[in-house]
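See below for the structure under consideration.
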There are 2 protein chains.
Amino acid sequence: MGIADTFKALGSPVRREILVLLRGGRLSAGEIGEHFSMTGATISHHLSQLKKADLVFEIKEKNFVYYELNATVFEEVMLWVAQFREGENDEGK
Amino acid sequence: MGIADTFKALGSPVRREILVLLRGGRLSAGEIGEHFSMTGATISHHLSQLKKADLVFEIKEKNFVYYELNATVFEEVMLWVAQFREGENDEGK
DNA sequence: AATTTATTTAGAAAAACATCTAAATAGAAG
DNA sequence: CTTCTATTTAGATGTTTTTCTAAATAAATT
(Lines give C-alpha, C1' and ligand atoms only; values in the text may rest on other atoms or scores of the structure.)
Protein backbone atom coordinates (compact mmCIF):
# COMPACT_ATOMS: atom_id res chain seq x y z
CA MET A 1 0.00 0.00 0.00
CA GLY A 2 0.94 3.63 -0.46
CA ILE A 3 2.14 5.58 -3.45
CA ALA A 4 5.70 4.34 -2.86
CA ASP A 5 4.74 0.71 -3.43
CA THR A 6 2.65 1.76 -6.38
CA PHE A 7 5.47 3.55 -8.16
CA LYS A 8 7.91 0.82 -7.29
CA ALA A 9 5.56 -1.71 -8.85
CA LEU A 10 5.10 0.43 -11.96
CA GLY A 11 8.86 0.71 -12.35
CA SER A 12 9.18 -2.74 -13.90
CA PRO A 13 8.50 -3.27 -17.62
CA VAL A 14 7.28 -6.80 -16.97
CA ARG A 15 4.78 -5.61 -14.40
CA ARG A 16 3.57 -2.80 -16.65
CA GLU A 17 3.05 -5.31 -19.42
CA ILE A 18 1.03 -7.52 -17.09
CA LEU A 19 -1.22 -4.56 -16.38
CA VAL A 20 -1.68 -3.97 -20.11
CA LEU A 21 -2.65 -7.62 -20.55
CA LEU A 22 -5.22 -7.27 -17.81
CA ARG A 23 -6.91 -4.41 -19.63
CA GLY A 24 -8.58 -7.13 -21.68
CA GLY A 25 -10.16 -8.61 -18.57
CA ARG A 26 -9.13 -10.94 -15.81
CA LEU A 27 -6.52 -13.64 -16.42
CA SER A 28 -5.22 -16.50 -14.35
CA ALA A 29 -1.61 -16.55 -13.18
CA GLY A 30 -0.92 -19.25 -15.74
CA GLU A 31 -2.45 -17.32 -18.62
CA ILE A 32 -0.38 -14.29 -17.71
CA GLY A 33 2.74 -16.43 -17.56
CA GLU A 34 2.17 -17.67 -21.12
CA HIS A 35 2.94 -14.20 -22.41
CA PHE A 36 6.43 -14.19 -20.92
CA SER A 37 9.47 -16.40 -21.11
CA MET A 38 9.87 -16.64 -17.36
CA THR A 39 9.03 -19.31 -14.87
CA GLY A 40 5.69 -19.29 -13.12
CA ALA A 41 7.50 -18.59 -9.90
CA THR A 42 8.86 -15.34 -11.26
CA ILE A 43 5.48 -14.27 -12.59
CA SER A 44 3.94 -15.11 -9.26
CA HIS A 45 6.46 -12.85 -7.61
CA HIS A 46 5.60 -9.95 -9.92
CA LEU A 47 1.90 -10.52 -9.34
CA SER A 48 2.41 -10.35 -5.62
CA GLN A 49 4.08 -6.97 -5.98
CA LEU A 50 1.25 -5.67 -8.12
CA LYS A 51 -1.16 -6.96 -5.51
CA LYS A 52 0.79 -5.35 -2.69
CA ALA A 53 0.57 -2.07 -4.60
CA ASP A 54 -3.18 -2.58 -4.99
CA LEU A 55 -2.83 -2.30 -8.75
CA VAL A 56 -4.53 -5.67 -9.11
CA PHE A 57 -6.63 -7.93 -6.95
CA GLU A 58 -7.00 -11.65 -7.05
CA ILE A 59 -9.99 -13.93 -7.12
CA LYS A 60 -9.47 -17.59 -6.28
CA GLU A 61 -11.69 -19.90 -8.21
CA LYS A 62 -11.34 -23.65 -8.49
CA ASN A 63 -7.63 -24.21 -8.30
CA PHE A 64 -6.95 -21.07 -10.35
CA VAL A 65 -6.05 -17.61 -9.18
CA TYR A 66 -7.44 -14.88 -11.38
CA TYR A 67 -6.00 -11.41 -11.45
CA GLU A 68 -7.89 -8.28 -12.31
CA LEU A 69 -7.03 -4.59 -12.58
CA ASN A 70 -7.93 -2.43 -9.62
CA ALA A 71 -8.92 0.77 -11.39
CA THR A 72 -9.18 2.84 -8.22
CA VAL A 73 -5.46 3.02 -7.53
CA PHE A 74 -4.74 4.37 -10.98
CA GLU A 75 -6.80 7.39 -10.02
CA GLU A 76 -4.42 7.96 -7.13
CA VAL A 77 -1.46 7.82 -9.48
CA MET A 78 -3.15 10.26 -11.82
CA LEU A 79 -3.62 12.69 -8.95
CA TRP A 80 0.00 12.40 -7.92
CA VAL A 81 1.25 13.03 -11.43
CA ALA A 82 -1.23 15.84 -12.05
CA GLN A 83 0.46 18.05 -9.47
CA PHE A 84 3.37 18.50 -11.85
CA ARG A 85 1.43 19.55 -14.89
CA GLU A 86 1.89 23.00 -16.29
CA GLY A 87 -0.35 25.45 -14.54
CA GLU A 88 -0.75 23.38 -11.35
CA ASN A 89 0.06 24.95 -8.04
CA ASP A 90 -0.54 24.45 -4.31
CA GLU A 91 -4.25 25.17 -4.43
CA GLY A 92 -6.37 22.09 -4.41
CA LYS A 93 -3.83 19.84 -2.73
CA MET B 1 14.03 8.77 -22.85
CA GLY B 2 10.93 6.62 -23.12
CA ILE B 3 8.25 5.66 -20.67
CA ALA B 4 10.48 2.93 -19.22
CA ASP B 5 13.12 5.41 -18.07
CA THR B 6 10.38 7.68 -16.81
CA PHE B 7 8.79 5.04 -14.61
CA LYS B 8 12.14 3.82 -13.45
CA ALA B 9 13.03 7.34 -12.39
CA LEU B 10 9.69 7.79 -10.62
CA GLY B 11 10.24 4.55 -8.73
CA SER B 12 12.58 6.14 -6.22
CA PRO B 13 11.20 8.04 -3.21
CA VAL B 14 14.21 10.35 -3.22
CA ARG B 15 13.69 11.27 -6.83
CA ARG B 16 9.99 11.82 -6.34
CA GLU B 17 10.75 14.11 -3.44
CA ILE B 18 13.18 16.07 -5.60
CA LEU B 19 10.38 16.59 -8.10
CA VAL B 20 8.10 17.85 -5.34
CA LEU B 21 10.78 20.30 -4.24
CA LEU B 22 11.06 21.59 -7.77
CA ARG B 23 7.36 22.40 -7.87
CA GLY B 24 8.35 25.56 -6.01
CA GLY B 25 10.61 26.62 -8.87
CA ARG B 26 14.11 25.87 -10.00
CA LEU B 27 16.80 24.90 -7.52
CA SER B 28 20.53 24.33 -7.80
CA ALA B 29 22.01 20.89 -7.21
CA GLY B 30 23.36 22.15 -3.89
CA GLU B 31 20.00 23.53 -2.73
CA ILE B 32 18.34 20.22 -3.56
CA GLY B 33 21.04 18.36 -1.65
CA GLU B 34 20.35 20.40 1.50
CA HIS B 35 16.99 18.66 1.82
CA PHE B 36 18.54 15.22 2.07
CA SER B 37 21.13 13.53 4.24
CA MET B 38 23.11 12.21 1.34
CA THR B 39 26.29 13.29 -0.29
CA GLY B 40 26.22 15.68 -3.21
CA ALA B 41 27.52 12.89 -5.40
CA THR B 42 24.47 10.79 -4.66
CA ILE B 43 22.10 13.66 -5.34
CA SER B 44 23.92 14.38 -8.57
CA HIS B 45 23.37 10.79 -9.59
CA HIS B 46 19.63 11.01 -8.91
CA LEU B 47 19.43 14.26 -10.83
CA SER B 48 21.08 12.66 -13.80
CA GLN B 49 18.44 9.93 -13.82
CA LEU B 50 15.66 12.48 -13.66
CA LYS B 51 17.32 14.33 -16.50
CA LYS B 52 17.69 11.15 -18.55
CA ALA B 53 13.97 10.56 -18.05
CA ASP B 54 13.28 14.13 -19.19
CA LEU B 55 11.47 14.83 -15.96
CA VAL B 56 13.77 17.78 -15.33
CA PHE B 57 16.14 19.87 -17.35
CA GLU B 58 19.19 21.78 -16.26
CA ILE B 59 20.37 25.32 -16.78
CA LYS B 60 24.01 26.12 -16.08
CA GLU B 61 24.57 29.55 -14.69
CA LYS B 62 27.75 30.87 -13.10
CA ASN B 63 29.25 27.83 -11.45
CA PHE B 64 25.83 26.55 -10.45
CA VAL B 65 23.61 24.02 -12.17
CA TYR B 66 19.93 24.74 -11.78
CA TYR B 67 17.27 22.09 -12.20
CA GLU B 68 13.73 22.69 -13.27
CA LEU B 69 10.65 20.51 -13.83
CA ASN B 70 9.90 19.53 -17.40
CA ALA B 71 6.12 19.59 -17.30
CA THR B 72 5.68 18.02 -20.74
CA VAL B 73 6.76 14.51 -19.76
CA PHE B 74 4.24 14.35 -16.96
CA GLU B 75 1.55 14.59 -19.61
CA GLU B 76 2.93 11.43 -21.17
CA VAL B 77 2.76 9.65 -17.84
CA MET B 78 -0.81 10.82 -17.36
CA LEU B 79 -1.75 9.36 -20.73
CA TRP B 80 -0.14 6.05 -19.91
CA VAL B 81 -1.91 5.78 -16.59
CA ALA B 82 -5.23 6.95 -18.01
CA GLN B 83 -5.59 3.80 -20.10
CA PHE B 84 -6.27 1.84 -16.92
CA ARG B 85 -9.00 4.01 -15.55
CA GLU B 86 -12.48 2.64 -15.18
CA GLY B 87 -14.40 3.00 -18.42
CA GLU B 88 -11.30 3.23 -20.62
CA ASN B 89 -11.00 0.84 -23.53
CA ASP B 90 -9.09 0.39 -26.78
CA GLU B 91 -10.73 3.31 -28.54
CA GLY B 92 -8.63 6.42 -28.59
CA LYS B 93 -5.27 4.66 -28.23
C1' DA C 1 47.93 31.85 -11.39
C1' DA C 2 46.37 29.75 -7.11
C1' DT C 3 42.40 28.89 -4.31
C1' DT C 4 37.73 28.32 -3.33
C1' DT C 5 33.03 26.83 -4.40
C1' DA C 6 29.71 23.84 -6.96
C1' DT C 7 29.02 19.89 -9.21
C1' DT C 8 30.06 15.60 -11.64
C1' DT C 9 32.59 11.30 -12.59
C1' DA C 10 34.89 6.98 -11.28
C1' DG C 11 35.29 3.16 -8.70
C1' DA C 12 34.05 0.33 -4.74
C1' DA C 13 30.93 -1.70 -1.26
C1' DA C 14 26.42 -2.74 0.33
C1' DA C 15 21.58 -3.26 -0.35
C1' DA C 16 17.74 -4.35 -3.18
C1' DC C 17 15.81 -6.89 -7.06
C1' DA C 18 14.90 -10.40 -10.67
C1' DT C 19 15.16 -14.77 -11.76
C1' DC C 20 15.85 -19.63 -11.32
C1' DT C 21 15.19 -24.51 -9.31
C1' DA C 22 13.14 -27.25 -6.01
C1' DA C 23 9.87 -27.95 -2.54
C1' DA C 24 5.31 -26.78 -0.48
C1' DT C 25 0.32 -25.93 -0.66
C1' DA C 26 -4.30 -26.34 -2.30
C1' DG C 27 -7.89 -27.88 -4.86
C1' DA C 28 -9.74 -31.22 -8.62
C1' DA C 29 -10.15 -35.50 -10.57
C1' DG C 30 -9.54 -40.04 -10.89
C1' DC D 1 -6.69 -41.21 -0.75
C1' DT D 2 -3.45 -40.74 -4.42
C1' DT D 3 -2.26 -38.22 -8.29
C1' DC D 4 -2.48 -34.28 -11.27
C1' DT D 5 -2.74 -29.28 -12.15
C1' DA D 6 -2.11 -24.43 -10.73
C1' DT D 7 0.17 -21.49 -8.02
C1' DT D 8 3.08 -19.89 -4.28
C1' DT D 9 7.06 -20.02 -1.10
C1' DA D 10 11.96 -20.70 0.06
C1' DG D 11 16.48 -20.37 -0.88
C1' DA D 12 20.28 -19.50 -4.07
C1' DT D 13 22.54 -16.72 -7.60
C1' DG D 14 23.49 -13.01 -10.70
C1' DT D 15 22.36 -8.28 -11.86
C1' DT D 16 21.10 -3.66 -10.93
C1' DT D 17 20.78 0.14 -7.90
C1' DT D 18 22.07 3.07 -4.17
C1' DT D 19 25.33 5.15 -1.76
C1' DC D 20 29.85 6.38 -0.34
C1' DT D 21 34.78 8.40 -0.78
C1' DA D 22 38.10 10.31 -3.57
C1' DA D 23 39.43 12.49 -7.66
C1' DA D 24 38.22 15.43 -11.68
C1' DT D 25 36.18 19.51 -13.90
C1' DA D 26 34.79 24.13 -14.25
C1' DA D 27 33.82 28.59 -13.24
C1' DA D 28 34.52 32.53 -9.76
C1' DT D 29 37.38 34.97 -6.65
C1' DT D 30 41.47 36.44 -4.62
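From a predicted model like this one, the values you see are computed outputs, not experimental measurements.
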Determine whether [X] and [Y] make a side-chain contact, defined as any pair of heavy atoms from C-beta on separated by less than 4.5 Å.
X       : Y       : answer
A:Thr6  : A:Asp54 : no
A:Phe36 : A:Glu17 : yes
A:Leu22 : A:Tyr66 : no
A:Leu27 : A:Ile18 : no

Non-hydrogen atoms of [X] and [Y] that approach each other most closely:
X       : Y       : result
A:Phe7  : A:Val77 : CZ-CG1, 4.0 Å
A:Lys8  : A:Arg15 : O-NH2, 3.3 Å
B:Leu47 : B:Val56 : O-CG2, 4.3 Å

Could you tell me the separation between the [atom1] atom of [X] and the [atom2] atom of [N], rounded to a whole number of Å?
X       : N      : atom1 : atom2 : result
A:Phe36 : C:dA18 : CZ    : P     : 13 Å
B:Leu47 : C:dA6  : CG    : C1'   : 13 Å
A:Phe64 : D:dT5  : CZ    : C1'   : 7 Å
B:Glu58 : C:dA6  : CD    : P     : 17 Å
A:Asp5  : C:dA16 : CG    : P     : 14 Å
B:Ile43 : C:dT8  : CD1   : C1'   : 13 Å
A:Lys52 : C:dC17 : NZ    : P     : 8 Å

Next item on the list: Quick one, give me the B/S/- string for nucleotides 25-30 of chain C, reading 5' to 3', where B means a protein heavy atom under 4.0 Å from the base and S means that only happens at the primed atoms, P, OP1 or OP2.
Entry: --SS--
Notebook entry, point to check: A:Phe84 vs B:Phe74 aromatic rings, parallel, tilted or perpendicular, using cut-offs 30° and 60°?
Noted result: parallel
[X] side chain near [N] phosphate (N/O to OP1/OP2, under 4.0 Å):
X       : N     : value
A:Ser28 : D:dT7 : yes
B:Tyr67 : C:dT8 : yes
A:Ser48 : D:dT8 : no

Check: Quick one: which of A:Glu58, A:Glu31, A:Glu61 gives a side-chain contact (heavy atoms from CB on, under 4.5 Å) with A:Arg26?
Finding: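 Single pass found, and it is A:Glu61.
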Check: With sugar-phosphate meaning primed atoms plus P, OP1 and OP2, does B:Tyr66 contact a base, only sugar-phosphate, or nothing at under 4.0 Å between heavy atoms?
Finding: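 B:Tyr66: no heavy atom of the nucleic acid under 4.0 Å.
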Do any N or O atoms of the protein come closer than 3.5 Å to N or O atoms of nucleotides 14-24 of chain D, and which pairs are they?
| unit_1 | atom_1 | unit_2 | atom_2 | d |
| --- | --- | --- | --- | --- |
| D:dT17 | OP1 | B:Lys8 | NZ | 3.1 |
| D:dT18 | OP1 | B:Arg15 | NH2 | 3.3 |
| D:dT18 | OP2 | B:Arg15 | NH1 | 3.3 |
| D:dT18 | OP2 | B:Gln49 | OE1 | 3.1 |
| D:dT19 | OP2 | B:His46 | NE2 | 2.6 |
| D:dC20 | OP2 | B:Thr39 | N | 2.9 |
| D:dC20 | OP2 | B:Thr39 | OG1 | 3.3 |
| D:dC20 | OP2 | B:Thr42 | OG1 | 2.8 |

